[in-house]
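Worksheet for the structure shown next.
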Amino acid sequence: MSDFRDLAGRSIIIGGGLAGLMTALELAPEPVVLLSAAPLGAEASSALAQGGLAACIGSDDSPALHIADTLAAGDGLCDEAVVRRIVEAAPAAIDRLRRLGVAFDLMPNGEPSLGLEAAHSRRRIVHAAGAATGSALMRALVAAVRRTPSVTVIEGFEARRLLLEGGAIAGVLAAGMSGAIVLATSRVVLATGGVGGLFHQSTNPLGCFGQGLALAARAGAELADLEFVQFHPTALDSAARPMRLISEAVRGEGAILIDETGRRFLADMPGAELGTRDAVARGVYRHLARGHRVFLDARACLGTNFATRFPAIAGYCHEAGINPAVDPIPVRPAAHYHMGGIAVDAEGRSSVAGLWACGEVASTGLHGANRLASNSLTEAVVMASWVAKSVSSAAIRPVGPALPIEMPNRPDPIVVRNIVSPALGVLRDGDRLRDAASTLWPLASGTDACADPAAVGLMMAISALGRMESRGAHCRADYPTRSAVARRSTLTLDAASKIAAELDLKPLARSA
């Protein structure tokens with residue numbers, strides 16, 4: 001087992017997506033280590049993002065309007081102070097990205113081209129390369145990181161465990177093709193993305209199955225709102241995995257949802273195709289469950305201009321044998337974003353000393369029960385700055401040589417995917433959640449390759465079981481109404497295991 005002694009004491013950022021890259025850049029010129037299981041950006045959900053970043057920079061927009069839209073989408077669970085702070089910082093974040101080399105799309109007069117997405121009351125989505133914002137962001141930020149001498153990039157090594165000393169962070173145990181490494185540090189930032197890889201139908205890279213949540217949970221950290229998984233209503237219904245996203249911006253330009261008969265089946269829903277993501281996803285899911293097919297029809301609103309406005313999406317469609325100028329696009333909901341994550345404060349600090357989280361892996365309180373479109377990239381950029389300031393101001397604790405620890409198996413979510421997908425999908429019920437928790441508990445307690453994904457799935461199932469209401473992206477068939485009082489949920493792995501053990505002793509208990 002190798003010990004990178006020359007890197008001892010440096011802050012370690014785990015994850016090569018937008019949040020990790022931005023945190024590394026914001027920490028410069030302080031020396032940091034950026035640890036990524038794949039080449040920078042290669043397996044990051046950030047690179048697949050299409051819509052862009054929400055920021056109130058239009059002449060008809062204001063922070064108050066952006067805040068109101070975010071709170072409405074969050075369905076009572078947003079932390080309003082967090083929402084206000086991030087929304088007000090968003091315009092400056094866009095300027096910061098420009099300085100780092102991101103070329104946002106402009107109108108002929110040189111002003112930013114702003115898109116409209118569901119549940120936004122104004123055009124405020126700043127985008128790049130049409131609907132390929134994520135890849136444009138990642139190209140610029142990867143280049144910026146590689147030319148920043150204070151950032152040591154270690155690629156091809158996957159963090160397997162956080163090492164603790166006296167309940168505080170003492171290092172990272174990682175593994176790669178060349179063996180194991182131990183990185184001694186008292187400061188770790190998790191920026192590992194979401195949980196979409198736990199679902200069969202997902203727009204996330206299959207490697208995004210909550211490994212950061214597992215690392216934090218096994219270190220004793222508190223996690224929050226794990227039951228809230230956002231399903232994007234319009235993923236391209238094809239065999240490709242991850243599923244190709246048909247951006248909400250297409251609906252923002254006027255595309256409508258129809259079935260095989262041509263009927264616009266969501267026309268009477270509040271907001272119709274531009275309702276909140278949870279509502280549109282449920283509408284599409286239910287229509288599919290009735291035996292219909294669902295299509296996104298952009299022929300009238302975009303027609304031959306589709307490929308000009310959305311070149312990347314047009315390319316995905318052509319790969320699947322579809323010409324969106326003349327053909328409706330087959331779609332279905334897919335797991336897309338996790339509102340839950342590691343519980344953090346306003347500076348990204350977790351409940352474990354020396355551990356921070358940034359991006360999708362964190363639960364800041366911005367998104368509540370249902371993320372407003374394009375707020376996530378904004379959150380990652382804004383929070384990276386605050387996390388970096390917190391990390392750099394934290395006292396560096398001396399850490400001793402790491403005690404030998406058995407290397408866990410490389411995580412594999414395949415078994416867990418078969419359990420999580422039906423139980424924690426668009427529509428849920430108590431019986432399936434109990435069965436899932438009872439099945440996942442022994443897997444999470446074991447040492448097989450499925451243990452870490454199972455631990456994440458277990459905590460999600462227990463959180464969903466405990467929320468006996470339907471709110472935002474969490475919809476229970478056995479509890480279809482919303483509770484009068486909104487409350488966030490928090491959970492540790494130990495607590496989830498105890499609840500699962502009690503469920504296992506009461507297999508006949510069922511909710512009404």
Side-chain angles (χ1 to χ4, degrees), residues 45 77 190 192-202 204 206 208-218 221-231 278 281 333-343 357 360-363 367-371 411 413-445 450-476 479 487-501 503-504:
S45 295
L77 279 194
L190 289 173
T192 51
V195 298
L198 294 179
F199 295 84
H200 286 302
Q201 295 173 339
S202 172
N204 295 174
L206 298 183
C208 293
F209 51 81
Q211 184 64 358
L213 299 183
L215 289 170
R218 294 199 184 279
E222 188 174 77
L223 278 60
D225 296 339
L226 297 178
E227 64 270 34
F228 293 108
V229 179
Q230 184 170 81
F231 291 83
D278 61 308
H336 181 59
Y337 188 85
H338 195 199
M339 278 74 74
I342 301 163
E360 190 174 354
V361 74
S363 178
H367 305 302
N370 184 49
R371 175 178 69 101
I414 290 178
V415 172
V416 175
R417 202 174 284 148
N418 294 329
I419 303 166
V420 167
S421 295
L424 284 155
V426 176
L427 298 180
R428 303 158 176 183
D429 65 70
D431 287 349
R432 285 188 295 177
L433 291 169
R434 277 189 194 84
D435 290 343
S438 295
T439 305
L440 290 165
W441 175 50
L443 299 177
S445 306
C450 66
D452 280 355
V456 176
L458 171 65
M459 297 181 74
M460 291 170 64
I462 293 297
S463 293
L465 192 58
R467 185 168 294 280
M468 293 179 282
E469 64 166 343
S470 289
R471 182 184 296 272
H474 173 72
C475 185
R476 293 230 352 212
Y479 291 98
R487 58 170 183 83
R488 297 187 67 190
S489 65
T490 56
L491 192 67
T492 63
L493 181 55
D494 282 348
S497 298
K498 289 175 183 175
I499 294 170
L503 288 176
D504 212 41

Atom [atom1] in [X], atom [atom2] in [Y]: separation rounded to 0.5 Å?
X: Arg467; Y: Glu227; atom1: CZ; atom2: CD; value: 4.5 Å
X: Leu213; Y: Leu223; atom1: CG; atom2: CG; value: 5.5 Å
X: Arg487; Y: Leu77; atom1: CZ; atom2: CG; value: 9.0 Å
X: Tyr337; Y: Ser202; atom1: OH; atom2: OG; value: 13.5 Å
X: His336; Y: Gln201; atom1: NE2; atom2: CD; value: 15.0 Å

Who pairs with Asn370 by side-chain hydrogen bond (donor to acceptor under 3.5 Å, both in side chains), at least two apart in sequence or on another chain? Gln230, Asp278
Ignoring hydrogens, what is the shortest heavy-atom contact between [X] and [Y]? Give both atom names and the distance.
X: Leu424; Y: Ala464; answer: CD2-CB, 3.7 Å
X: Pro333; Y: Ala281; answer: CG-O, 3.6 Å
X: Leu226; Y: Met459; answer: CD1-CB, 3.5 Å
X: Arg428; Y: Ala423; answer: CG-O, 3.5 Å
X: Thr192; Y: Gly212; answer: OG1-CA, 3.0 Å
X: Gly430; Y: Leu465; answer: O-CD1, 3.8 Å

Result block: side-chain N/O donor-acceptor pairs under 3.5 angstrom for residues 490-500, not counting sequence neighbours:
unit_1 : atom_1 : unit_2 : atom_2 : d
Thr492 : OG1    : Ala495 : N      : 3.2
Ser497 : OG     : Leu493 : O      : 3.0

Sequence neighbours left out, what passes side chain to side chain contact (heavy atoms under 4.5 Å, CB included) with [X]? Give chain and number order.
X: Ala343; value: Glu222, Ala224
X: Ile414; value: Asp412, Arg417
X: Ala437; value: Leu458, Ala461, Ile462, Leu503

Please list, chain by chain and in numerical order, all residues satisfying salt bridge (charged side-chain N to carboxylate O under 4.0 Å, His left out) with Asp225, sequence neighbours excluded. Arg488
The criterion is salt bridge (charged side-chain N to carboxylate O under 4.0 Å, His left out); which residues satisfy it with Arg471, sequence neighbours excluded? Glu469
Given side-chain contact (heavy atoms from CB on, under 4.5 Å), test Arg476 with Leu433 step by step and report yes or no. CA-CA 10 Å; Arg476 293 230 352 212; Leu433 291 169; 4.0 Å; yes
Go through Ile419 and Leu440 one step at a time and tell me if the side-chain contact (heavy atoms from CB on, under 4.5 Å) criterion holds. CA-CA 8 Å; Ile419 303 166; Leu440 290 165; 3.8 Å; yes
Aromatic ring proximity His367/Phe228, centre distance under 6.0 Å: no
Not counting sequence neighbours, which residues clear ring pair (Phe, Tyr, Trp, His ring centres under 6.0 Å) with His338? List them please. none
Without placing hydrogens or testing angles, list every side-chain donor-acceptor pair under 3.5 Å for residues 193-200, not counting sequence neighbours.
unit_1 : atom_1 : unit_2 : atom_2 : d
His200 : NE2    : Asn418 : OD1    : 2.9

